[in-house]
Number of protein chains: 2
Amino acid sequence: MDAVFHALANDTRRTMLERLAEHQLTVGELAEPLEMSLAAAAKHVTVLERAGLIRKSARGRQHVCRLDPAALASADAWLRFYERHWNRRLDALETLYRTEPESAAKDG
Amino acid sequence: MDAVFHALANDTRRTMLERLAEHQLTVGELAEPLEMSLAAAAKHVTVLERAGLIRKSARGRQHVCRLDPAALASADAWLRFYERHWNRRLDALETLYRTEPESAAKDG
DNA sequence: GTTATCCTCAACCATATGGTTGAGGATGCG
DNA sequence: CGCATCCTCAACCATATGGTTGAGGATAAC
């Protein structure tokens, strides 16, 4: 889970995922629009792979990357689970504002 | 967005958020169960705060932390948006398997 | 006023991260 | 074969991260 969120915590890598949501792409294709070396881009790909967000397979000398939604689903599940709590808190706060504005203001 | 996912990419901080989903807590209360110094825990709190995930307010010498769901909602929105694409890809892949197993195997 | 408590801040350290370059393996092409 | 291409690997560098300790500010308690 650390690895998944860490992988998502970088705009280059999120952009890669966005592009991979459309087509599968080779490492070179992923690197092409980026203003960094191929080696640097390949490192980002490795981070995504080790987080389980993508899979790589060799096709000749090209390495094709495609999305693996399982890890993303687990991150999503984490957020959704706690979202329930947050919504509960927000509802409670809203109720508090309606009934006791001063106390609610103190709370937040 | 980088900051939000970075903040989530650490188990100590996710645990803090889980606890804050239940009650608001002081920095000391957040630090108490952790096997690290108060200063280290306070640094984690700062990371959460700078990501916009929590808000801190002074109450005497205690600093009370409570969840701010807005940033979490944005992370959730990102995941949900791309989830649509992933699901579409998965559906397409499934269809491909039904109609052209060999070609589908090549694709993944 | 004095002392204890809660927390921040600054300095420091080890390791991780994100980039570079250069070398080289494996494959495709003429 | 000989060479170009795609990519990995290793070494290196600057900076960030996650922890420590020690000092100290602000507030609470006596």
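By convention in this document, chain letters (A, B, ...) are assigned in the order of the sequence lines, proteins followed by strands, and residues within each chain are numbered from 1.
For residues 51-62 of chain B, the salt bridge (Lys or Arg N to Asp or Glu O under 4.0 Å) pairs, not counting sequence neighbours, are B/E49-B/K56, B/R55-B/D68. Judged as a side chain to side chain donor-acceptor pair (under 3.5 Å), the pairs with a partner in residues 39-48 of chain B (not counting sequence neighbours) are, in order, B/R13-B/H44.
Closest of all the heavy-atom pairs between B/V45 and B/C65 is CG1-SG, 3.9 Å. Of all heavy-atom pairs spanning A/L17 and A/I54, the tightest one is CD2-CG2, 3.9 Å. Annotation for A/S74 and A/M1: closest pair O-CE, 3.7 Å, computed over non-hydrogen atoms.
Cluster membership check: A/V47 does not share its hydrophobic cluster with B/W78, using side-chain heavy-atom separations under 4.5 Å among Ile, Leu, Val, Met, Phe, Trp and Tyr. Each of A/V64 and A/L30 belongs to its own hydrophobic cluster when Ile, Leu, Val, Met, Phe, Trp and Tyr are linked at side-chain heavy-atom distances under 4.5 angstrom.
What separates CE of B/M36 from P of D/dT20 is a distance of 7 Å, to the nearest Å. Look at CG on B/D11: it is 18 Å from P on D/dT17, rounded to the nearest Å. In this structure, the CD atom of A/E35 is 15 Å from the C1' atom of C/dT20, given to the nearest Å. In this structure, CZ of A/F5 is placed 18 Å from P of D/dT17, rounded to the nearest angstrom. Remark: P of C/dT20 and CG of A/L38 are 11 Å apart, rounded to the nearest angstrom. Distance, B/D2 CG to D/dT17 P: 11 Å, rounded to whole Å. Following rounding to the nearest Å, A/H6 (NE2) and D/dT17 (P) show an atom-to-atom distance of 11 Å.
Under 4.0 angstrom from either OP1 or OP2 of D/dG19 there lies no side-chain N or O belonging to B/S37. A close approach under 4.0 Å does occur between a side-chain nitrogen or oxygen of B/H63 and OP1 or OP2 of C/dT8. For the pair B/N10 and D/dT17, the criterion of a side-chain N or O lying under 4.0 Å from OP1 or OP2 is not met.
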Check nucleotides 23-27 of chain C for protein N or O atoms closer than 3.5 Å to its own N or O atoms and list the pairs.
residue, atom, partner, partner atom, Å
C/dT27, O2, A/R61, NH1, 3.4

Short heteroatom pairs, N/O only, protein and nucleotides 11-16 of chain D, under 3.5 Å:
none

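At most 12 heavy atoms of other shown residues, nucleotides or ligands fall within 6.0 angstrom of atom CZ in B/R50.
Of the candidates D/dG18, D/dG19, D/dT8, D/dT8 carries the atom nearest the A/A42 side chain, counting heavy atoms from C-beta on.
Scanning residues 49-56 of chain A for heavy-atom distances under 4.0 Å to DNA chain D yields A/K56. Using a 4.0 Å cutoff on non-hydrogen atoms, the parts of residues 25-32 of chain B near DNA chain C are B/T26, B/V27, B/G28, ordered by number.
Residue A/A40 is classed as a base contact, given a heavy-atom separation below 4.0 Å to a base. When heavy atoms are screened at a 4.0 angstrom cut-off, B/A39 is found touching base atoms of the nucleic acid.
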